[in-house]
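Residue numbers begin at 1 in each chain, while the letters A, B, ... track the order of the sequences.
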Number of protein chains: 2
Amino acid sequence: MPAKASSAGLREQKKSETRTALRRAAVRLYAEKSPAAVTVQDICAAAGVSTRTFFNYFETKDDAVFDWDRRLSTQLVDAYLERPAAEPPFDALRRTLGTAVPLLVADPGWRERRRLLRAHPELVPKLLHSNSHMAEVLAEAVAERTGLRPDDLYPRLLAGAGLTALRAALRRWDPEASDAALLDLLDEAFGMLAAGLADPRGD
Amino acid sequence: MPAKASSAGLREQKKSETRTALRRAAVRLYAEKSPAAVTVQDICAAAGVSTRTFFNYFETKDDAVFDWDRRLSTQLVDAYLERPAAEPPFDALRRTLGTAVPLLVADPGWRERRRLLRAHPELVPKLLHSNSHMAEVLAEAVAERTGLRPDDLYPRLLAGAGLTALRAALRRWDPEASDAALLDLLDEAFGMLAAGLADPRGD
DNA sequence: GTGCAGTGCTGCAAAAATGCATTAATGTAG
DNA sequence: CTACATTAATGCATTTTTGCAGCACTGCAC
């Protein structure tokens with residue numbers, strides 16, 4: 001009997017290997033050629049599985065490349081749940097993202113992903129899936145933290161607004177600029193939320 | 001020379017007719033059978049055009065059914081821009097949605113769309129497209145109203161958070177309940193935003 | 001009316017995506 | 001070890017979606 005159902009198990013291990021192989025192949029080919037020039041067959045040939053298997057792992061061709069984001073959302077939720085219980089949910093999220101962002105910009109995987117998106121802006125809309133998934137799991141985390149239900153107003157509002165803040169900051173940020181600039185933008189965005197989205201012009 | 005480039009023109013008129021025919025056929029067939037049981041060919045046969053033409057009008061099969069939402073976003077933006085200039089952007093959005101929601105629940109098209117979504121929840125994720133489109137155009141409207149750029153933090157934050165509030169209220173709302181209940185939920189959600197997303201528990 | 005430019009519609013081919021049935025390997029109980 | 005239940009991987013058929021090229025119609029100038 002395996003020590004842990006999740007970590008051990010030949011079955012799980014092989015599955016994970018196949019998934020990784022597909023993701024790696026997809027990212028490499030996307031970078032080498034261009035997204036449109038890569039077929040699912042190419043990716044599968046490189047990973048050594050059938051085309052049908054590809055769609056058992058990923059819903060769309062591009063999802064393999066953005067598998068990165070799925071894993072990020074897990075990490076983000078874990079970090080959020082580990083914040084001190086005394087911290088109000090809003091501040092906890094603000095600080096979670098404030099901590100995550102520097103790690104993000106330092107992560108080679110994230111940089112590669114970002115390079116791809118800049119080189120091929122047509123991929124940006126394909127991120128919608130990952131975004132909504134992240135809002136979903138984050139709302140559940142907020143619910144757990146506050147004792148509310150995931151369908152209550154507050155968890156969905158906080159998760160949605162917080163991620164909107166992150167996206168707005170990322171969009172506004174010039175990747176050539178410093179990492180600190182991104183943190184400043186994120187802080188400014190959360191400041192606006194904390195201020196109840198009051199008119200930012202001349203008050 | 002036609003009176004108006006947009007209203008007149010046999011060409012535009014025919015295009016609009018084709019689009020409407022496709023939308024009507026799609027909605028009718030989706031309701032009669034089930035989404036999965038309807039093929040694009042069915043829709044096109046009912047509308048009298050080729051399958052290729054369908055994809056000249058809509059990006060995906062389901063988009064024809066949700067064409068309704070596209071038109072809604074236009075109306076919403078128009079209504080938002082018509083709010084008194086003295087009104088702060090946040091309050092203007094809050095009141096715009098507060099005015100739009102009663103019209104929404106009374107609209108037969110919206111009710112039909114809602115009935116479809118309840119009968120076939122697998123369609124819900126397909127709405128992501130419409131949602132992000134609405135956030136996009138709404139952010140532009142906020143930018144225009146405030147004199148900021150569409151890529152600035154505030155327009156994206158307000159548009160994103162406001163639509164999140166609308167979605168949260170709609171999700172929480174029991175369609176069997178009164179229309180007033182929905183308005184109350186929307187108001188509560190905007191109240192939370194105005195309060196800077198403070199912890200809603202025991203204060 | 002004639003001719004020209006623009007662009008919508010169509011068919012065709014290829015790629016993306018899904019459903020279904022089969023096979024083979026893993027995990028589990030006896 | 002054997003038998004049985006799960007389920008991942010695959011092939012096949014079908015549908016969905018996209019790119020491309022040709023044809024046809026509209027709008028416009030003369």
Any chance you could measure A:L153, atom CG, to B:E188, atom CD, to the nearest 0.5 Å?
5.0 Å

When rounded to the nearest 0.5 Å, the distance separating CG of B:L157 from OG1 of B:T164 is 10.5 Å

Provide, to the nearest angstrom, the distance between the [atom1] atom belonging to [X] and the [atom2] atom belonging to [N].
{"X": "A:Q13", "N": "D:dA9", "atom1": "CD", "atom2": "P", "result": "13 Å"}
{"X": "B:L123", "N": "D:dT16", "atom1": "CG", "atom2": "P", "result": "13 Å"}
{"X": "B:E122", "N": "C:dT18", "atom1": "CD", "atom2": "C1'", "result": "14 Å"}
{"X": "B:K61", "N": "D:dT18", "atom1": "NZ", "atom2": "P", "result": "14 Å"}
{"X": "A:E59", "N": "D:dT16", "atom1": "CD", "atom2": "P", "result": "17 Å"}

Should the pair [X]-[Y] be classified as a salt bridge under the 4.0 Å nitrogen-to-oxygen rule?
{"X": "A:D107", "Y": "A:R113", "answer": "no"}
{"X": "A:D151", "Y": "B:R172", "answer": "no"}
{"X": "A:E112", "Y": "A:R115", "answer": "yes"}
{"X": "A:E140", "Y": "A:R149", "answer": "no"}

Contact list for residues 88-104 of chain A, test side chain to side chain donor-acceptor pair (under 3.5 Å), sequence neighbours left out:
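Sorted result for residues 88-104 of chain A: A:E87-A:R95, A:R94-A:D187.
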
Ignoring hydrogens, what is the shortest heavy-atom contact between B:V105 and B:L182? Give both atom names and the distance.
CG1-CD2, 3.9 Å

Count the heavy atoms belonging to other residues, nucleotides or ligands that lie under 6.0 Å from CD of A:Q41, then report whether that count exceeds 12.
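Open.
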
Please determine whether the number of non-hydrogen atoms from other residues, nucleotides or ligands lying under 6.0 Å from atom CZ of B:R83 exceeds 12.
yes

Is there a side-chain polar atom (N or O) of A:K14 under 4.0 Å from OP1 or OP2 of D:dA8?
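No, A:K14 has no side-chain N/O under 4.0 Å of OP1/OP2 on D:dA8.
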
Pick out the pairs of N or O atoms, protein on one side and nucleotides 1-3 of chain C on the other, that lie under 3.5 Å.
none

Audit row: A:N56, A:T53, side-chain hydrogen bond (donor to acceptor under 3.5 Å, both in side chains) steps and yes/no
CA-CA 5 Å; A:N56 284 335; A:T53 296; 4.6 Å; no

Verify whether the ring centers belonging to B:F66 and B:F58 lie closer than 6.0 Å.
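Judged by ring-centre distance (under 6.0 Å), B:F66 and B:F58 do not meet the cut-off.
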
According to ring pair (Phe, Tyr, Trp, His ring centres under 6.0 Å), who are the partners of B:Y80, at least two apart in sequence or on a separate chain?
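In terms of ring pair (Phe, Tyr, Trp, His ring centres under 6.0 Å), with neighbours along the sequence ignored, B:Y80 is linked to no residue.
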
Treat primed atoms plus P, OP1 and OP2 as sugar-phosphate and everything else as base, then score nucleotides 2-7 of chain D 5' to 3': B for base contact with protein heavy atoms under 4.0 Å, S for sugar-phosphate contact only, - for none.
----BB

Here the residues of residues 49-58 of chain B within 4.0 Å heavy-atom distance, strictly under, of DNA chain D are B:R52, B:F55

Among residues 19-44 of chain A, which residues get a heavy atom nearer than 4.0 Å to DNA chain D?
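Those residues: none at all.
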
